[in-house]
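Right, one structure below, let's go through it.
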Protein chains: 2
Amino acid sequence: MESGTRQGALSPCAACKLIRRRCAQDCVFAPYFPADEPQKFASVHKVFGASNVNKMLQELQEHQRSEAVSSMVYEANARFHDPVRGCVGAISSLQQQVESLQAQLALAQAEVEQMRMRLISPSSSSSHN
Amino acid sequence: MESGTRQGALSPCAACKLIRRRCAQDCVFAPYFPADEPQKFASVHKVFGASNVNKMLQELQEHQRSEAVSSMVYEANARFHDPVRGCVGAISSLQQQVESLQAQLALAQAEVEQMRMRLISPSSSSSHN
């Protein structure tokens, strides 16, 4: 436990605590999974597995790891909320929103164009009405 | 191997082949990871781990599993292409696209409204110009 101490604390990080391993000074999990947020690691462990999370973090540079952990936590939580589609559900829903907005924008732009024509030549436009 | 045969084929499914286990008649992986698409399982195995994929599938009803596998393959591939953000990168980019489209739509709608006013009362509008 002596070498498992960190920043004066005696407790291991949330990851090492959950998987019951010694939390070393250079633990790859410790900076991102503090002991007071056990749910964060529990989520990514359940979806990706501690060993895969470890591997994925080791393959990244240190300055990239915090964002990688955030995205893994996000994906893991999305998988809990939607065990079938995970965060692909959010992607589909956003894609639908984009398509709907593009259609609405095209309509509004066509309307602007039509009105512009009527403002330029009111007589020719009114002859169509 | 006798009981590992499926649909007349002698080979185990792509999952059982990769993790070197016997492919049983009721293998949970076999319907979604055919032997001729080894990359599909390799991807989800690398990101989620075979054991987690197995657990996630077991927790779902059979009619939900195909879509769950598709979403896991999608997430795994996204993680290869963007090891830092995974498919959260796609979500952020779609969210930005939604915001940009909403802003463009609001502008176009304001323009429509402004032109409508000018068409209704051209004289009052022209007095501002």
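Just so you know, these numbers use all the heavy atoms, side chains as well, and skip hydrogens, waters and symmetry mates. All of these numbers come straight from a predicted model, not from anything done at the bench. In what follows, every chain begins at residue 1, and chains take the letters A, B, ... in the order their sequences are listed.
Among Val88(A), Leu57(A), Val69(A), Val53(A), the residue with the largest count of heavy-atom pairs under 4.5 Å with chain B is Val88(A).
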Go through chain B and chain A and list any donor-acceptor pairs closer than 3.5 Å, backbone and side chains both.
| from | atom 1 | to | atom 2 | distance (Å) |
| --- | --- | --- | --- | --- |
| Lys46(B) | O | Asn52(A) | ND2 | 3.4 |
| Val47(B) | O | Asn52(A) | ND2 | 3.1 |
| Asn52(B) | ND2 | Lys46(A) | O | 3.4 |
| Asn52(B) | ND2 | Val47(A) | O | 3.1 |
| Ser71(B) | OG | Arg79(A) | NH1 | 3.2 |
| Ser71(B) | OG | Arg79(A) | NH2 | 3.0 |
| Ser71(B) | OG | Val84(A) | O | 2.8 |
| Glu75(B) | OE2 | Arg79(A) | NH2 | 2.7 |
| Arg79(B) | NH1 | Ser71(A) | OG | 3.1 |
| Arg79(B) | NH2 | Ser71(A) | OG | 3.0 |
| Arg79(B) | NH2 | Glu75(A) | OE2 | 2.7 |
| Val84(B) | O | Ser71(A) | OG | 2.8 |
| Glu111(B) | OE2 | Arg116(A) | NH2 | 2.8 |
| Arg116(B) | NH2 | Glu111(A) | OE2 | 2.8 |

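Contacts between Leu105(B) and chain A at a heavy-atom distance below 4.5 Å involve backbone atoms as well as side-chain atoms. Only the side chain of Leu60(A) comes within less than 4.5 Å of a heavy atom in chain B; its backbone stays farther off.
Cluster membership for Val84(B) and Val73(A), using ILVMFWY side-chain heavy atoms within less than 4.5 angstrom, is not shared. Tracing side-chain contacts under 4.5 Å through hydrophobic residues (I, L, V, M, F, W, Y), one reaches Met56(A) starting from Leu18(A); they form part of the same cluster. Val98(A) and Leu107(B) sit in two unconnected hydrophobic clusters of ILVMFWY residues. Membership requires side-chain heavy atoms under 4.5 Å apart, directly or through other members.
Within the structure, salt bridge (Lys or Arg N to Asp or Glu O under 4.0 Å) contacts touching residues 88-97 of chain A (residues at least two apart or in different chains) do not occur.
Taking CD1 of Ile91(B) as the reference point, atom CD1 of Ile91(A) lies at 4.5 Å (rounded to 0.5 Å).
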